[in-house]
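Below is one structure; the comments refer to it alone.
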Amino acid sequence: MSRFGEVDEGYDPQALERRVFEHWEAVDAYEQTRERAADGEPYFFVDGPPYTSGAAHMGTTWNKSLKDVYIRYLRMQGYDVTDRPGYDMHGLPIETKVEEKLGFENKKDIEAFGEEAFIDECKAYAEEQLEAMREDFESFGVWMDWDDPYKTLNPEYMEAAWWGFAKAAERGLVVQGKRSISQCPRCETGLANNEVEYTDVEDPSIYVTFDLVDREGALVVWTTTPWTIPANTFVAVAPDLEYVGVRAERDGESEVLYVAEACLEEVLREGRYDDYEVVDERTGEELVGWAYEHPLADEVPDHPSHEGALEVYTADYVETDRTGLVHSAPGHGEEDFERGRELGFPIFCPVDGDGVYTAEAGVYEGEFVKEANERIIDDLETNGALLASGTVSHSYGHCWRCDRGIIQIVTDQWFITVTDVKDDLLENIEDSEWFPDWARDNRFRDFVEEAPDWNVSRQRYWGIPIPIWTPEETPDGRGDEDMIVVATREELAERVDQEIDPETIDIHKDTVDDLTITEDGVTYTRIPDVFDVWLDSSVASWGTLDFPEDQERFDELWPADLIIEAHDQTRGWFWSQLGMGTTALGEVPYDTVVMHGHALDEDGRKMSKSVGNVVEPHEAIDRHGADAMRLFLLSANPQGDDMRFSWEGMRTMENHLRTLWNVFRFPLPYMRLDGFDPAETTLEAVDDDLERLDEWVLARLQSTVETMTDELEVFRQDQAIEALLSFIVDDVSRFYVQAVRERMWEETDSASKRAAYATLYHVLERVTVLLAPFAPFVSEEIYGTLTGEDGHDTVHMSEWPAVEEYWVDEELETDVVALRAIEEAGAHARQQAGRKLRWPVPRVVVAADDDDVAAAVERHTDLLCERLNAREVELVSPGDHWGELDYSANADMSLLGPAFGGDAGRIMNALNEARIDDPTLESLERAVSESLGEEISLESEMVSFVTETPDDIAGTPFGVEGDDRGVVYVDASLTDDIESEGYAREVIRRVQEMRKELDLDVEEQITLEVSVADERIADLVAEREDLIADEVRAEALTGVEDGDASHRKTWDVDGVEIELAISPVSASAA
RNA sequence: GGGCCAAUAGCUCAAUCAGGUUGAGCGCCACUCUGAUAAGGUGGAGGUUCUCGGUUCAAAUCCGAGUUGGCCCA
């Protein structure tokens, strides 16, 4: 880019972004930026791999933008930052998508299609999705190593998972076992808890009676899963709960029912009993050992009948709910299973992985369990075991992929026994620092404390094969006793019977399933399962380093310095990494965690396709540009809180950027015209010529740098952005540029102009560097235009600015805060006096409350005169009083409260309403006492005096951060001289407008004719003819002939009619 | 059903930890400016600080119960 070249007149983000992408491409901006930091101190950032689901939504966009900011910032700080992006590419979501695509119904279709072909389809699909996501990420300017991402489907990454798992196995933390798990009957695989989604559904709600053996009556249980009744093994009670036996009557028949006393009324109502009588009272403890008959004994001949089965036991999961007696089937429910194991019962689960009853289920064999519900209810009724039957709406678990209702069954699974190392897990948490800290100390700790063993096996195809080989013959024994766990591809090649090349082998299921190991005469085959997909990403901290293949980088970098993810990852990636890091290596694999929230819609609702409130990032980019979108997202608190998307917020950010663009564009023509060379006219060169405002804006720049750096260090980029934008918009644009414009308009060269150039140039250049991590596009273009060949090829190679002590000037900053407050108050007072800024006022009086303000006014009298358009500015020093003022007082409630208790409020009001002539405590006490009708004694610390403006002069108090610091009085009286200038300015303004209407060049000379209807005012205007001619570039004030090039208009200036006519000189000469 | 987090102006948030007359920016309306112009300036309207109860002279702030939303878990 050439320095001070022509730029777009308005801020056009789309065009600008296109240019910047081309520029990045042309100069290898990303590669150069990385290279520049290559020798810096290493910083190991790990990208949490997004699942390859197709497109970046607003949440991933926020996440990646945050990562991009900190990567860029750290790089500017000189760190050599790892920025390898990752993709999570295995798992059921992709399998189900591919199944849909191929029109598959279940696993049998996959088997028919062929494992290898299916895996190839999954791989192709995942890669396709990856490309779409990469394009999205790049489109909003995320700079990561897109050419070398880590993919969980790559053999070297899969090996990282094998290695970690083998380490855990080495430490005895891998076991096989039967567990009650959530099974998706369609996907035919177990699901982790976090893969189960709960939604409200209508299910059967039945009350079943279990007839007691050897005594009259029946136990009443309640269930929503009739299909689990065949597997009933025992009934659970709470030991201390009161139970009753009642003789209940309905339809003229009576029976004895046992339920918890608290549930009695409800059960009888459900069963529509007419009457009842309590015949027995017992605690749960006293029911233990009672035997009952299986209600489907004939239909399910193989039902549990072993020693101890079909009896009452206590269990801690019993609640005083429904009947207080719980039908327990260890072959299904998780708690039932645990209790059943405690009791030493064999597990009876007559249901297969596809949700179909096995032969053990007797007459129900071959039926899908959910469909068998109805028949079972009928059979229960026939057997006289159905007390009541209805439906209930409750929250029930569903498969996260296919939405089918899950079933609880007991199957053989493989576990990492994280419960064995729970103390280590809790201890290791302490080694990580979290932002916000409560995420670690409340949420995460709670989760870790309660975490069960990790079921890592899935009965699926598209995943990392579990590297366990078990002996072909394992009669009765558990697989984990003689298992071989393979850690690497090399080890695999060494141990398997077949000839394979570890360099080239793809270790997906279709390949490794055929491999066998024979050792000591025993042949081992691989178990058919693949890993839970959460295990894939859990090894990212070393997988991203290609460890174990690459040992060196692991030794240098591990563990991760920083990870940044949303709060749903507490139970996801934050946890899986801790679990894997601790079981494999005994350490937490990350030092610092930044936990952000989710992107919600404008109303604070979750964005969801079905609700139709999803905002796509590319729509946001199309409407307001990628920079504005990033700034909007990044200006949200990144620690824990959710963010609400807002189009208004987006627009605001675009407006701020437009302001920056205008500020940047404004001096360019002047700098170009004057041949300003920033390399020559440096700040150092013009130091002696700098004016106070120049020094001020440089001082403000320093404190902005300081604030931003401090905030970024604690991951509050939102605060950093606020500081920067407020500097750009409030300080540079609205104040500094406003004040220095006239210096730039000067036609001749001057020291003051050069100083202004050098200052504004420096400020703008620093601003682009500070803005670069957040809005990488617009900062790039501004930087390029400012620096031309002298700068880096890209702003992103810049160092993060350090505070330049030389320019720090806190006192000056505070002074200008006061001056700006005075100016603001002055403008307010003017408006109240009905005098617009264009009209000069003879006098402005500043009554200062303290020496700092007084000193500031003294130093900047000229500036105040100019900005307030006052002939003179007078200062009333602290301590002196403006004779005509009244006073009232404000109360300091922190002192008034303790002193007066309940009366403090009334006294406060009296203070506010008091009007006294002189600001003394005595006068105030007198006024307050009189108003309240009682003697009130005040301390001077309790009150502060407030001036009350007299009627004849417009006065406005000014303050700093809520503290009153003085009052500005504007004397708006008129004199002929002032009226003369005022009307002249009115004429000038209107001539300028007419020039614009004719589209004249700024330099173009005109002839001008002015005729004012009012004679007195005509004379006043005539007094300022020279001023008018000068300001509007009029060669002469003469009559203007009506003609093609002339422009004539009659104006109404506050009731005075003024006719103006202009014509360009060139036109009238022709 | 349980845990964590949040709720203050139309919107985004500050003030909450250490109780003391609720603030800023944006938006809106009015006025204003017109050599940055899809800009700038001034003012105004807009709050039962989610609800109810408690502690206190005094509660947005502390405590308890609830409501709504988000995440996680069952």
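In the text below, chain A, chain B and the rest are named by the order of the sequence lines, each starting its count at 1.
The salt bridge (charged side-chain N to carboxylate O under 4.0 Å, His left out) test applied to R644(A) returns no partner, not counting sequence neighbours. Not counting sequence neighbours, the partners of E986(A) by the salt bridge (charged side-chain N to carboxylate O under 4.0 Å, His left out) test are K836(A), R838(A), R990(A). Qualifying salt bridge (charged side-chain N to carboxylate O under 4.0 Å, His left out) partners for E565(A), counting only residues two or more places apart in sequence or in other chains: K67(A).
Secondary structure note: stems in RNA chain B built from 3 or more consecutive Watson-Crick or G-U wobble pairs under 3.5 Å occupy B:1-7 with B:67-73, B:10-13 with B:23-26, B:28-32 with B:40-44, B:50-54 with B:62-66.
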Nucleotide N/O of nucleotides 41-43 of chain B paired with protein N/O under 3.5 Å:
| from | atom 1 | to | atom 2 | distance (Å) |
| --- | --- | --- | --- | --- |
| rG41(B) | OP1 | R734(A) | NE | 3.3 |
| rU42(B) | O2' | Q831(A) | OE1 | 3.1 |
| rU42(B) | O2 | Q831(A) | NE2 | 3.2 |

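A cation-pi arrangement is absent between R339(A) and Y317(A), since the terminal nitrogen or guanidinium carbon is not both under 6.0 Å from the aromatic centre and inside a 45° cone about the axis.
Between the side chain of Q639(A) and the backbone N or O of V714(A) there is at least one donor-acceptor pair closer than 3.5 Å. Side-chain N or O atoms of Y670(A) include none that pairs as donor or acceptor with a backbone N or O of Y757(A) at under 3.5 Å.
Protein atom CG of D601(A) is 11 Å distant from nucleotide atom P of rC71(B), rounded to whole Å. Following rounding to the nearest Å, H398(A) (NE2) and rA74(B) (C1') show an atom-to-atom distance of 15 Å. Taking atom CE of residue M643(A) and atom P of nucleotide rC5(B), one finds them 21 Å apart after rounding to whole Å. What separates CD of E986(A) from C1' of rU32(B) is a distance of 12 Å, to the nearest Å.
Residues from residues 718-729 of chain A with heavy atoms under 4.0 angstrom of RNA chain B: there are none.
Checking Y396(A) against D203(A) by side-chain atom types alone, no donor-acceptor pair falls below 3.5 Å.
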